[in-house]
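To keep things clear, I will list the structure first and then write my remarks on it.
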Number of protein chains: 4
Amino acid sequence: MICTEGLLRNKYILKILIDKSISIRIIFNMIKNKINNKKPEKRSIILNAALKIIKEKGFHCARMSDISNEAGISYGLIYHYFKKKERLFDTIIEEWWLSIYELLDSLKADNLDIHDKLKKIIVHFFNAYQEKPDLMNIFITEISRSTRNLIGKRLEFFIKFISKTEALIIDAQQKNEIRSDIKARYLTNIFLGSLETFVSAMVLADQELRDSEQKEQIVKSILEVFFNGASVK
Amino acid sequence: MICTEGLLRNKYILKILIDKSISIRIIFNMIKNKINNKKPEKRSIILNAALKIIKEKGFHCARMSDISNEAGISYGLIYHYFKKKERLFDTIIEEWWLSIYELLDSLKADNLDIHDKLKKIIVHFFNAYQEKPDLMNIFITEISRSTRNLIGKRLEFFIKFISKTEALIIDAQQKNEIRSDIKARYLTNIFLGSLETFVSAMVLADQELRDSEQKEQIVKSILEVFFNGASVK
Amino acid sequence: MICTEGLLRNKYILKILIDKSISIRIIFNMIKNKINNKKPEKRSIILNAALKIIKEKGFHCARMSDISNEAGISYGLIYHYFKKKERLFDTIIEEWWLSIYELLDSLKADNLDIHDKLKKIIVHFFNAYQEKPDLMNIFITEISRSTRNLIGKRLEFFIKFISKTEALIIDAQQKNEIRSDIKARYLTNIFLGSLETFVSAMVLADQELRDSEQKEQIVKSILEVFFNGASVK
Amino acid sequence: MICTEGLLRNKYILKILIDKSISIRIIFNMIKNKINNKKPEKRSIILNAALKIIKEKGFHCARMSDISNEAGISYGLIYHYFKKKERLFDTIIEEWWLSIYELLDSLKADNLDIHDKLKKIIVHFFNAYQEKPDLMNIFITEISRSTRNLIGKRLEFFIKFISKTEALIIDAQQKNEIRSDIKARYLTNIFLGSLETFVSAMVLADQELRDSEQKEQIVKSILEVFFNGASVK
DNA sequence: CATGAATGAGAGTTCATTCAT
DNA sequence: GATGAATGAACTCTCATTCAT
């Protein structure tokens, strides 16, 4: 849109294009080549290195040279791909949230009952922890809490996450799958809090979910307490 | 009466003040200190200033000069009371934990049932938030999560907190006040997670517990879900 | 006719273009170069681009990438034509001086009286300003003064310029067209200074010599004061 | 003004001041001491070092570490006195212009004829060159020309200089001390141009005004040509 | 010819900490 | 106790230049 206006405005160029009958496809390919030439491997190498260093040192203490060292490249190259330190971090955060949103959106459209939906959320977090523990670590220590990092766009991300989860709870209340005498927001807090604490515990203790049996047990416990409570029946 | 005109007349001095951007806050503090000749405990002034600045900027971004500015003293003086920046931080954290331990220890000796014990923990946190929101903020954002800060002594503090709470749960299980088919550690995680998420929400949103009714409701919700679950009965 | 809709339809590509902030200028230049298949002298394209950028930012602040962007080429290519940034600058300066020397040498051989010779110098500078204001700007701001740039070969250029002008003055003194009681070097300084200040004023104010009448007037004023003085007769 | 509003508003403090009848004089002295304590020697040492380095390397190439080295202090200290590199340069430039303005303003009020006024300007520049050649060098190479440096406030300084000089010329035209058939601005340009070129020549060649006789001769030459012209009478 | 990913020396700036007064 | 001038290690970011493709 924006680009095209600029292009259209330049009547001189267009006139030449017409005179020489150069098809838009040629221009197209020129642009495509320009874009695709950028080998994306290095970019993701940098992202993974950043992930690891941030996990070890935290956002503030992670130096660009640490990251470049870890990635095995010069630090100048990081600036080639990410204009500022902040951009690098924003990229990491953004990718994390997008994966969460994807899940939550798919659950919204799903026909499962609330128990199974919440189970899927828990499993998603646990899997994420197993697959990319560094990323999960950052989520817990740098994203999910610190007020300082939760400015502007970042805060929006977080609120969106809460709201999307709350929507599932509200939906369940309307379907009478779950108590309505407690505010949906409160239930959301309680559920996400339980989950987060387990993940935190794993992250902080650098603990692994040793076997699938243990994992299964934790999932069951969270759901059991959330739905049926801790009281002796 | 005070002759304010004397000050107003001397435009030259004012100009310099402006040029050198000497904030009125500093002058205020100078005046304040001069007035209270009995030299109030500078140490606690510094701690409170640190609390406020760390809340606003986070530990890493809080500069010593920010803190001394806020305290209305020179930054050299901070080093007189606290040898290092880290000591300042440690002191703040330590005071926090001690207040928690005091509570948990008193609860252990208490004869209340688990419901009332957990209620007291919740209320303690909520009161702490109302009385010293800055401190609670730091607990949530800097202590309770960040792996970086959880090294050595600090991690011990945290583990001790979990364990002391877990002890209450175990005790309740033995008294059959609470389910034993779920690991005490899991129940602890779930309870503390629920609580923490509420506190986090308040901290992150700079929300106040507006009235005691709302507060009461939240306390009840957490306990209700924890003991009886979210399922429709 | 060109099928612009093709471009409009592909929103994905456009988005990437925006994200990567690939300016429309670059695409323009790509297109331009593709069109003029006879590959126009890249060397002069680079020189003109450099001229423009140096005028805008000064030699020190002009980045090679600015110049390559302006020229619509990769910055690697600049190094193909000019081994170093400095070479680029030297080339620009050299071309400027050669044009001046050419004039001064032709004047030396000429039979005009000193008044007309000096007039030709003034007119030459004014014309140069009108035709290549960027180059004149660089002459004034980067060449004619800065001590830093006047090292080695560059200083020689400058001294040669002064000397060649002085030669005209000496010649005039010998022909008794002009006072001999003032050192030729002094007269040269005074004349060139007057001229240069006018050019500087135009350059600094980005002023144009609006009409030939104004131009005529300034030329006349400089000569009139130089030859007859500012005193009331 | 601004400050006092802030002060007046704080009724609490004022009340205490009144209760304790602390005179405003005490506060005054506290402020004064705060201001005077700053030993100004280091500041001027830095300025002189900067002057020398800038002369040698130019604004752009002058590194902060060069300056601190020259001054024999750590570079951190420069930032203690001048918040940014730019501030340091602005301070230098500002001091220069103020000395010029002082002269021009005193001349305006003076009863001398235009010949003697212009002579005083020339002598001022020559003296300045002899006393502070570094500063004069910077004026010629960095201030008086470069468009890049002439942005915002800096351009204003320059224009003010031209205008103040022009005012003297206009005054002289009105008193019929000088030709009115040539625009005052043109005459100003011619005069300042002549002067500047001499100073430039000295600066560029690192030439000294060897004896007062030579100096006298140059002053005389500039004035003689400016008022009576170069033509043979 | 032409490209642009890759390099790394080097610049500005910040800020915890020391120490003479 | 109290001050703030002084220090310098450490960090982010820039940009001329090289070189494989």
Side-chain angles (χ1 to χ4, degrees), chain A residues 33-34 37-43 46 60-68 71-88, chain B residues 30 33 39 42-43 60-69 71-88, chain C residues 26 30 33 39 42-43 60-69 71-88, chain D residues 33-34 37-43 46 60-68 71-86 88:
Chain A
N33 291 339
K34 202 170 166 53
N37 272 342
K38 296 190 180 178
K39 295 167 195 164
E41 308 113 38
K42 282 279 167 68
R43 196 174 173 278
I46 292 170
H60 286 103
C61 295
R63 282 167 299 168
M64 295 303 260
S65 59
D66 289 332
I67 296 170
S68 67
I73 51 150
S74 73
Y75 49 85
L77 193 56
I78 303 181
Y79 289 89
H80 188 76
Y81 288 100
F82 307 90
K83 283 229 159 173
K84 296 206 165 279
K85 195 184 176 189
E86 234 187 356
R87 285 272 182 95
L88 182 57
Chain B
M30 278 163 35
N33 294 341
K39 286 172 190 175
K42 287 275 167 66
R43 200 175 167 279
H60 283 104
C61 295
R63 281 167 298 174
M64 295 302 261
S65 62
D66 288 332
I67 294 170
S68 67
N69 254 7
I73 53 152
S74 75
Y75 46 87
L77 194 56
I78 303 181
Y79 287 87
H80 185 77
Y81 290 99
F82 306 90
K83 276 223 162 176
K84 289 190 166 291
K85 194 187 176 189
E86 237 185 355
R87 286 278 178 91
L88 236 182
Chain C
I26 290 172
M30 278 163 35
N33 294 339
K39 286 174 187 175
K42 287 275 167 68
R43 200 174 168 280
H60 284 103
C61 295
R63 280 167 298 172
M64 295 303 263
S65 61
D66 289 330
I67 294 169
S68 68
N69 254 6
I73 52 152
S74 74
Y75 46 87
L77 194 56
I78 302 182
Y79 287 87
H80 185 77
Y81 290 100
F82 306 90
K83 276 221 159 178
K84 290 191 165 289
K85 195 187 176 190
E86 238 185 353
R87 286 278 178 89
L88 236 184
Chain D
N33 291 339
K34 203 171 167 52
N37 271 342
K38 295 190 181 174
K39 296 167 194 165
E41 307 111 40
K42 281 282 168 62
R43 196 174 173 278
I46 292 170
H60 286 102
C61 294
R63 283 167 297 169
M64 294 304 260
S65 59
D66 289 332
I67 295 170
S68 68
I73 52 150
S74 74
Y75 48 85
L77 193 57
I78 304 181
Y79 288 90
H80 187 77
Y81 289 100
F82 307 90
K83 283 228 160 173
K84 297 209 164 275
K85 195 185 176 191
E86 234 188 355
L88 181 57

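Residue numbers start from 1 in every chain, and the chains themselves are labelled A, B, ... in the order their sequence lines are given, proteins ahead of strands.
- Taking for each of Gly76(B) and Gly76(C) the nucleotide of DNA chain E with the nearest heavy atom, the 5'-most of the two is the partner of Gly76(C).
- Tyr81(A) pairs with exactly one of Ile73(A), Leu88(A), Ile46(A) by the side-chain contact (heavy atoms from CB on, under 4.5 Å) rule, that one being Ile46(A).
- Separation of atoms CE (Met64(B)) and OG (Ser74(B)) is listed at 11.0 Å; rounding is to 0.5 Å.
- In this structure, dT21(E) and dA2(F) make a Watson-Crick or G-U wobble pair, each of the two defining distances being under 3.5 angstrom.
- Remark: Phe82(B) CZ to His80(B) NE2 distance equals 11.0 Å, nearest 0.5 Å.
- When the P atom of dT3(F) is taken as reference, atom CG of Asn69(B) falls 12 Å away, rounded to whole Å.
- Projected onto DNA chain F by closest heavy-atom contact, Ala62(A) and Ile78(B) fall at different nucleotides, the more 5' of which corresponds to Ile78(B).
- Considering only the side chain of Tyr75(B), dT18(E) comes nearest among dT18(E), dG12(E), dC13(F).
- A straight line from CZ of Arg87(C) to P of dA16(F) spans 17 Å, rounded to a whole angstrom.
- Taking atom CZ on Arg43(D) and atom P on dA6(F), their separation rounds to 13 Å, with Å as the unit.
- Considering only the side chain of Ile73(A), dT7(E) comes nearest among dT7(F), dA10(F), dT7(E).
- For Tyr79(A), counting side-chain heavy atoms from C-beta on, the closest listed nucleotide (dT12(F), dT17(F), dC15(F)) is dT12(F).
- In this structure, dT14(E) and dA9(F) make a Watson-Crick or G-U wobble pair, each of the two defining distances being under 3.5 angstrom.
- The side chain of Ser74(A) lies closest to dT7(E) when the candidates are dA2(E), dT17(F), dT7(E).
- A straight line from CD1 of Ile67(D) to C1' of dG12(E) spans 12 Å, rounded to a whole angstrom.
- Lys84(D) has a side-chain polar atom (N or O) that falls below the 4.0 Å cut-off from OP1 or OP2 of dT13(E).
- Sequence order on DNA chain E of the closest nucleotides to Ser65(B) and Met64(D) puts Met64(D) first from the 5' end.
- Rounded to whole angstrom, the span from the NE2 atom of His80(A) across to the P atom of dG4(E) amounts to 9 Å.
- In this structure, His60(C) atom NE2 and dA16(F) atom P are separated by 11 Å, rounded to whole Å.
- Contact record, Ser65(B) with Ser68(B): O-OG, 3.1 Å, taken as the closest heavy-atom pair.
- Across the protein-nucleic acid pair, Arg63(C) atom CZ and dT14(F) atom C1' stand 8 Å apart, rounded to whole Å.
- Looking at Lys85(C), its side chain does come within 3.5 Å of a backbone N or O of Ala62(C) through a donor-acceptor pair.
- If you check every strand for non-hydrogen atoms under 4.0 Å, Phe82(A) touches nothing.
- In this entry dA16(F) has dT7(E) as its Watson-Crick or G-U wobble partner, both defining distances falling under 3.5 Å.
- Between Tyr79(C) and Tyr75(C), the shortest heavy-atom distance links the atoms CD1-O, 3.3 Å.
- Mapping Tyr81(B) and Lys83(C) onto DNA chain F by nearest heavy atom places Tyr81(B) at the nucleotide closer to the 5' end.
- Side chain of Lys85(D), nearest nucleotide from dG12(E), dA2(E), dT12(F): dG12(E).
- At dA5(F), none of the side-chain N or O atoms of Lys42(D) fall inside 4.0 Å of OP1 or OP2 (strictly under the cut-off).
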